[in-house]
Amino acid sequence: MPTEELKKNAEQFLMGTYARQPISIVRGRGTKVYDLEGREYTDFVGGIAVNVLGHGHPDLVAAIQRQVAQLIHASNLYYTEPQVKLAETLVDHSFADKVFFCNSGAEANEAAIKLARRYSHAKYGDGRYEIVTMKNSFHGRTMATLTATGQEKVQKGYQPLVPGFSYVDFNHFAELERAVGDKTAAVMLEPVQGEGGVHVADREYLKATRDLCTGRDVLLIFDEVQTGVGRTGSLFAYEQLGVEPDIMTLAKGLGGGVPIGACLARDSVAQAFGPGSHASTFGGNPLACAAALAVFRVLLEGRVLEQARQMGDYLAKGLSDCKDRHHVVRDVRGLGLLQGMELEMDAKNVVSDCLKRGLLINATSERILRFVPPLIVTQREIDRLLDVLSQIFNRHAIESPAH
Ligand SMILES: *Cc1c(COP(=O)(O)O)cnc(C)c1O
């Protein structure tokens, strides 16, 4: 179907929840995607931090094809090997002892919130259910997770929200300390805020937060839906930041593009869930778990993670040089291959200019660009991105000489 017709039909038949770029993507290979007209784009969005191995990785494709032919779904009424193997893999390579599988980031956080409440309820009874979250955070779009999300634009029009959430400034320990009280069951945060504009948690802040939580038996939940699975240069961001959470959630990169989410916890916490306390029909289905196992096999082999580390440093350095050369760039921040660039110009224009030059990038807000390419991105591709950004900023400087 021609792109114009597809756009028209999308408007007619889909609920209008997304503002989309005007291309129809039909195929992907490695770090490239191709639109209907055959134009090639280098993908610095990666399905929003999802396609960690790029598009069409042969090991991932083979694992999915094998599993599709063998068994797609069976229900959690029965055991299936890929689910148990994936849980074992996650446990072997993280702080956690137990895993619950679901299908998305919001569901993983929903599970984390439910687990924290249930743990607190079982141990301390009624009245200790509050979750303290961060301003500018993003935890999903279900009622509980949009309530956990400290951004009014996500909550607007959905009141009444779920009771029992409060919000504090990110990286501000004194404020967190004041907010944690007798009713607090958990503190929930992203080690690097993604949608909120790419803000990295300070190590000292996380250490103090960990100590505060441990001292009061308040659970520390890390939402690693975006930062997990190699994005920041280690399997999980917490490994680089010096503290371990009690609960961690994963989704985006976990299945390399196949929908899957996970909520991981220490044994003492996971005990709060028993048969019937939580469930998901599709959660941990063999297809999604086979895909995630293939992703992990590739990452654990080491080369892709090493590449992610090196290219993360290279991208951070390049963006920061770009900031030094262009007044319109206000700030550059991030960890590994989750990088953000704050501008003094409309980020949307930069996104569409990049698109015209064959680069997919993303803006998290009016003035912040986010770069979350597949972990297999190359130096040459990063050079090209930096070159295109420079051209766009130069032209902007000429057209708006105020700066
Ligand atoms: C994307 C994201 C979510 C929501 O994930 P969905 O799969 O869209 O529900 C939650 N938390 C963080 C940190 C995210 O980046």
Side-chain angles (χ1 to χ4, degrees), residues 15 17-20 45-52 100-116 131 133-151 153-155 158 162 165 167 170-171 186-201 206 220-232 235-238 241 245 247-264 280 282-285 288 291-292 295 333-340 362-365 368-373:
M15 293 196 193
T17 51
Y18 305 105
R20 296 179 203 260
V45 177
I48 315 190
V50 166
N51 302 100
V52 283
F100 173 83
F101 289 113
C102 51
N103 315 286
S104 68
E107 279 176 79
N109 287 329
E110 191 81 25
I113 291 164
K114 287 179 72 176
L115 181 61
I131 317 255
T133 72
M134 304 294 142
K135 289 175 189 164
N136 255 324
S137 57
F138 185 81
H139 298 299
R141 303 285 192 156
T142 63
M143 280 309 299
T145 58
L146 77 81
T147 304
T149 295
Q151 298 190 60
K153 68 171 189 207
V154 173
Q155 301 174 340
Y158 294 115
V162 176
F165 289 86
Y167 315 94
F170 192 50
N171 274 336
V187 171
M188 180 169 181
L189 60 87
E190 300 150 86
V192 183
Q193 291 189 332
E195 315 288 322
V198 191
H199 298 275
V200 185
L206 287 181
L220 181 57
I221 304 172
F222 281 179
D223 176 349
E224 291 227 29
V225 167
Q226 187 157 164
T227 54
V229 199
R231 176 57 45 197
T232 64
L235 271 184
F236 311 110
Y238 79 80
L241 294 169
I247 301 177
M248 171 171 76
T249 55
L250 301 173
K252 288 193 167 80
L254 185 55
V258 176
I260 179 169
C263 173
L264 289 71
S280 165
F282 292 123
N285 69 78
V295 170
R333 44 186 192 250
L335 194 64
L337 286 172
L338 168 50
Q339 293 289 328
N362 166 253
T364 65
S365 65
I368 300 174
L369 299 176
R370 172 176 47 180
F371 308 98
V372 277

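Each ligand, and each atom within it, is numbered from 1 in the order the structure gives. Nothing here was measured: the structure is a model prediction, and the numbers come from that model.
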Next item on the list: Give the numbers and elements of all ligand 1 atoms closer than 4.0 Å to a heavy atom of Glu190.
Entry: 13 (C)

Next item on the list: Check step by step if side chain to side chain contact (heavy atoms under 4.5 Å, CB included) holds for Phe222 and Leu241.
Entry: CA-CA 12 Å; Phe222 281 179; Leu241 294 169; over 6 Å; no

Checklist line | Within reach of ligand 1, part of Lys252 (heavy-atom separation under 4.0 Å) | finding: side chain

Note to self: Need the ligand 1 atom indices (1-based, order shown) with element for anything under 4.0 Å from a heavy-atom of Ala106.
What the structure shows: 4 (C), 5 (O), 6 (P), 9 (O)

Check: If we only count heavy atoms from C-beta on, is the Val154 to Arg141 side-chain gap below 4.5 Å?
Finding: yes

Notebook entry, point to check: Do you know which two heavy atoms are closest between Gly228 and Leu250, and how far apart they sit?
Noted result: CA-CD2, 4.0 Å

Item checked: Which of the ligand 1 atoms, numbered from 1, are nearer than 4.0 Å to a heavy atom of Ser104 -> 7 (O), 9 (O)

Check: Quick one: which ligand 1 atoms are inside 4.0 Å of a heavy atom on Asn109?
Finding: 10 (C), 11 (N)

Next item on the list: Evaluate the criterion side chain to side chain contact (heavy atoms under 4.5 Å, CB included) for residue pair Val229 and Val295; output intermediate values, then yes/no.
Entry: CA-CA 9 Å; Val229 199; Val295 170; 4.0 Å; yes

Item checked: Of all pairs that satisfy salt bridge (Lys or Arg N to Asp or Glu O under 4.0 Å), the ones with a partner from residues 186-199, not counting sequence neighbours -> Glu195-Lys252, Glu195-Arg370

Check: Does ligand 1 have a heavy atom under 4.0 Å from the side chain of Ala251, from its backbone, from both, or from neither?
Finding: neither

Next item on the list: Considering only non-hydrogen protein atoms, determine which one is nearest to atom 7 (O) of ligand 1 and report residue, atom name and distance to 0.1 Å.
Entry: Gly105 N, 2.8 Å

Next item on the list: Would you mind running through ligand 1 and noting each atom that sits below 4.0 Å from a heavy atom of Asp223?
Entry: 10 (C), 11 (N), 12 (C), 13 (C)

Item checked: Which residues share a side-chain contact (heavy atoms from CB on, under 4.5 Å) with Tyr167, sequence neighbours left out -> Thr133, Lys135, Thr147, Gln155, Phe165

Notebook entry, point to check: Run the side chain to side chain contact (heavy atoms under 4.5 Å, CB included) check on Ser137 and Leu189 step by step: do they pass?
Noted result: CA-CA 7 Å; Ser137 57; Leu189 60 87; over 6 Å; no

Check: So is Phe138 polar-close to ligand 1, meaning N/O to N/O under 3.5 Å?
Finding: yes

